[in-house]
Amino acid sequence: MTRKIVAGNWKMNLDYSEAKVLLKELMAKKDEFNAEVELIICPPAPYLSAFAEVLKDQEWIKLGSQNNFFLENGAYTGEISPTQLKSLGVKYGIVGHSERRNNFNEDYSMLSKKVRALLKVGIIPIFCCGEQLQVRNSNVYKEFIMKQINDSLFKLKPEEIEKIIIAYEPIWAIGTGKTATSEQAQEIHHLIRTRIASQYDEKVAGNVGILYGGSCNAENAQELFRQQDIDGGLIGGASIDAESFLTIANAFE
Ligand code: 13P
């Protein structure tokens, strides 16, 4: 394990008052969170500004975006630029979530531009990868996942890629309650780290945080986080409950 990271992806859940209540509940538990863990919450974009105000000068939990455009400004109605996110104090940005790849046709070349755009302004990308059930069952899943990483990330310089967080999120485990076993997750995390080491070097591979996501919850986080190459989790459903987010964040041994 190189880093200890727990990120909550709130997705398109909670209205503004519900989101404020959740933030308040998390703040009330501040002293109970393991201070060694990089904690991140990625609320819906319209809430980032107000959340940034509340969390100003609070280093214990950082804000992440769920999506960003790859240009700095201009006539792109509805899009949000990395520069704008940066100006709010956003420190991390999810890129390439399977829900965006599938619903909004985001392909490797767009994702690679989004990653670069975030790095340019100093936001750490949380780059997601993962296979559908049919790919998992076809036995080419390892190459499928490595192609996603290779195509979008392997042209980065060593000093760029080592800042990145990669989240392995098997699509068949997302929101299904059917998590990958710790062996299945470790196999992919180890593969990712080994390939980064051969593409770059061991030091770079050691610095990249690799998170597991997909029905990770208060019950299974400890077993997953115990695996050598699992540096933490990208949590969906279980992150919108303060108590379970706390349990997950404190699940490192
Ligand atoms: P769930 O934890 O709800 O399965 O979602 C995982 C995820 O997609 C996080 O980005």
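For ligands, and for the atoms within them, numbers begin at 1 and follow the listed sequence.
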Novice: Which residues satisfy the salt bridge (Lys or Arg N to Asp or Glu O under 4.0 Å) test with Glu143, sequence neighbours excluded?
Specialist: Arg195
Novice: Strictly distance-based, threshold 3.5 Å: is any side-chain N or O of Asn102 a donor or acceptor partner for the main-chain N or O of Ser98?
Specialist: yes
Novice: Under a 3.5 Å cutoff, is there a donor and acceptor pairing between the side chains of Tyr141 and Glu187?
Specialist: yes
Novice: Please identify each residue that fulfils ring-ring contact (aromatic ring centres under 6.0 Å, His included) with Tyr200, with sequence neighbours left out.
Specialist: Phe154
Novice: Within 45 degrees of the axis of the six-membered ring of Tyr16 and under 6.0 Å from its centre: does Lys20 put its NZ or CZ there?
Specialist: yes
Novice: Considering residues at least two apart in sequence or located in another chain, which fulfil the side chain to side chain donor-acceptor pair (under 3.5 Å) criterion with Ser65?
Specialist: none
Novice: Using heavy atoms and a cut-off under 4.0 Å, could you grab the residues that are in contact with ligand 1, chain by chain, numbers ascending?
Specialist: Asn9, Lys11, His97, Glu169, Ala173, Ile174, Gly175, Gly214, Ser215, Leu234, Gly236, Gly237
